[in-house]
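Just so we're clear, the structure is a prediction, and the values are computed from it rather than from any experiment. Below, all heavy atoms of this structure are taken into account, side chains as well, without hydrogens, waters or symmetry copies.
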Amino acid sequence: MLGWLGGAAALGATTRLALAQDEQPSEAAVLHDPDIPVAGNPEGDIAIVEWSDYQCPYCRKLEPELRQVVQDDAKVRLVWKDWPILGPVSVVAARMALAAKYQGKYGEAHDAMIGLNSKLTEPKIDEALAAAGVDVDRAKRDLAANEKAINAILARNNEQAEGLGFRGTPSFIVGKFRVPGTLTMDEFAQVIADARKAKAAN
């Protein structure tokens, strides 16, 4: 089991989470769940793991800067953890995004829904996905066929977030640093640098 640090060095927090070791998710479960969508460099030396909700205004605001950070640093692996905690429509959106993965369109679905500036409804979800090139009818069929697996992913994401002590979205792991809340591009760059230093020191 991994003893996740309580915060990023750039933010001045170095205490470990006050959780028993067996309550925290393992490093492998958080960083290398084979069912979780990944962007950036799949072989990157540092992972940014984001727990987000498509209805979270902070997630929406942060998304362009996060993607710029990943684009600017060719060695970062971005791991998307759907954590729908803001109501039933959030769950619908997360399930549809994960269903789109079966047609190789998770990234398009994610970008379409996180990029909306209005309150989500099921018709708006369908409209946004269709506009992004997702076959919505197929996604719904794939969701029905793979419902158990998709629900299991969401359950794992939730258990990990709770095990790491996260209280809301967005929340991040950068390397082995726990970062609850939003960061600026400069702060992300500093945390990534700190994570690399910590990795090199081990």
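Side-chain contact check for Met113 versus Leu129: some heavy-atom pair is nearer than 4.5 Å. Two residues are said to be in side-chain contact when any heavy atoms from C-beta on lie closer than 4.5 Å; Ile173 and Val179 fail this criterion. Within the 4.5 Å cutoff, side-chain heavy atoms of Asn157 are placed close to those of Ile36. At a threshold of 4.5 Å between non-hydrogen side-chain atoms, the residues Gln160 and Gln24 do not count as touching.
In terms of modelled atom types and a separation under 3.5 Å, the side chain of Asn146 and the main chain of Ala149 share no donor-acceptor contact. A donor-acceptor contact shorter than 3.5 Å links the side chain of Arg138 to the backbone of Tyr102. Although no hydrogens or angles enter the test, the distance criterion places a donor-acceptor pair under 3.5 Å between the side chain of Arg77 and the main chain of Leu31. Put simply, the side chain of Asn41 gets close to the backbone of Ala74: a donor and an acceptor are under 3.5 Å apart.
Applying ring-ring contact (aromatic ring centres under 6.0 Å, His included) to Trp51 and the options Trp80, Phe166, Tyr58 leaves one that passes, Phe166. Residue Leu120 is tested with Val92, Ile125, Leu86 for a side-chain contact (heavy atoms from CB on, under 4.5 Å); the sole match is Ile125. The side-chain contact (heavy atoms from CB on, under 4.5 Å) with Arg67 is formed by just one residue from the set Asp72, Asp111, Leu62; it is Asp111.
Residues Ala139 and Val134 approach most closely at CB-CG1, 4.4 Å, considering heavy atoms. When all heavy atoms are compared, the tightest approach of Ala29 to Lys81 is O-NZ, 3.4 Å. The shortest heavy-atom contact between Leu154 and Ala94 is CD2-CB, 4.0 Å. Heavy atoms only, all atoms of each residue included: Thr184 and Glu65 are closest at CA-OE1, 3.9 Å. Across all their heavy atoms, Ala130 and Val136 have their closest contact at N-CG2, 3.7 Å. A pairwise comparison of heavy atoms in Ile85 and Gly168 identifies CD1-CA, 4.0 Å as the closest pair.
Residues Leu98 and Val91 fall into different hydrophobic clusters, defined by Ile, Leu, Val, Met, Phe, Trp and Tyr side chains chained together at heavy-atom separations under 4.5 Å.
More than 12 heavy atoms of other residues, nucleotides or ligands sit less than 6.0 Å from atom CD of Gln68.
Atom-to-atom distance recorded for Asp73:CG and Leu78:CG is 11.5 Å, nearest 0.5 angstrom. A distance of 11.5 Å separates CG of Leu66 from OG1 of Thr182, quoted to the nearest 0.5 Å. Between atom SG of residue Cys59 and atom CD1 of residue Ile114 there is a gap of 5.0 Å, rounded to the nearest 0.5 Å. Atom CG of Asp135 and atom CD of Gln103 lie 5.5 Å apart (nearest 0.5 Å). In this structure, CD1 in Ile192 is found 12.0 Å from CD in Glu187, a value given to the nearest 0.5 Å. Atom OG of Ser171 and atom CH2 of Trp83 lie 5.5 Å apart (nearest 0.5 Å).
Side-chain contact of Ser118 with Lys124: a donor-acceptor pair under 3.5 Å is present, judged by distance alone. A donor-acceptor contact closer than 3.5 angstrom links the side chains of His110 and Glu63.
Using a cutoff of 4.0 Å between basic side-chain nitrogens and carboxylate oxygens, Asp142 and Lys101 are not scored as salt-bridged. Checked for salt-bridge contact, Arg141 and Asp137 miss the test: no charged N lies under 4.0 Å from a carboxylate O.
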Test side chain to side chain contact (heavy atoms under 4.5 Å, CB included) applied to Gln55 and Thr169, step by step: CA-CA 10 Å; Gln55 294 200 100; Thr169 54; over 6 Å; no
Criterion side chain to side chain contact (heavy atoms under 4.5 Å, CB included) on Glu147 and Arg95, from CA distance to verdict: CA-CA 8 Å; Glu147 186 172 19; Arg95 283 157 51 98; 3.2 Å; yes
From CA spacing to verdict: side chain to side chain contact (heavy atoms under 4.5 Å, CB included), Glu27, Lys176: CA-CA 8 Å; Glu27 181 176 0; Lys176 294 185 182 181; 3.5 Å; yes
Check against side chain to side chain contact (heavy atoms under 4.5 Å, CB included), Val89 and Tyr54: CA-CA 9 Å; Val89 175; Tyr54 291 111; over 6 Å; no
Gln190 and Asp194: CA distance, side-chain angles, deciding distance, side-chain hydrogen bond (donor to acceptor under 3.5 Å, both in side chains) verdict: CA-CA 6 Å; Gln190 184 61 57; Asp194 290 341; 3.0 Å; yes
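Between Phe188 and Phe172, the angle of the ring planes goes over 60°, which puts this pair in the perpendicular group of the 30/60° scheme.
Within the structure, salt bridge (Lys or Arg N to Asp or Glu O under 4.0 Å) pairs that include any residue of residues 35-62 comprise Asp35-Arg156, Asp45-Arg196 (at least two apart or interchain).
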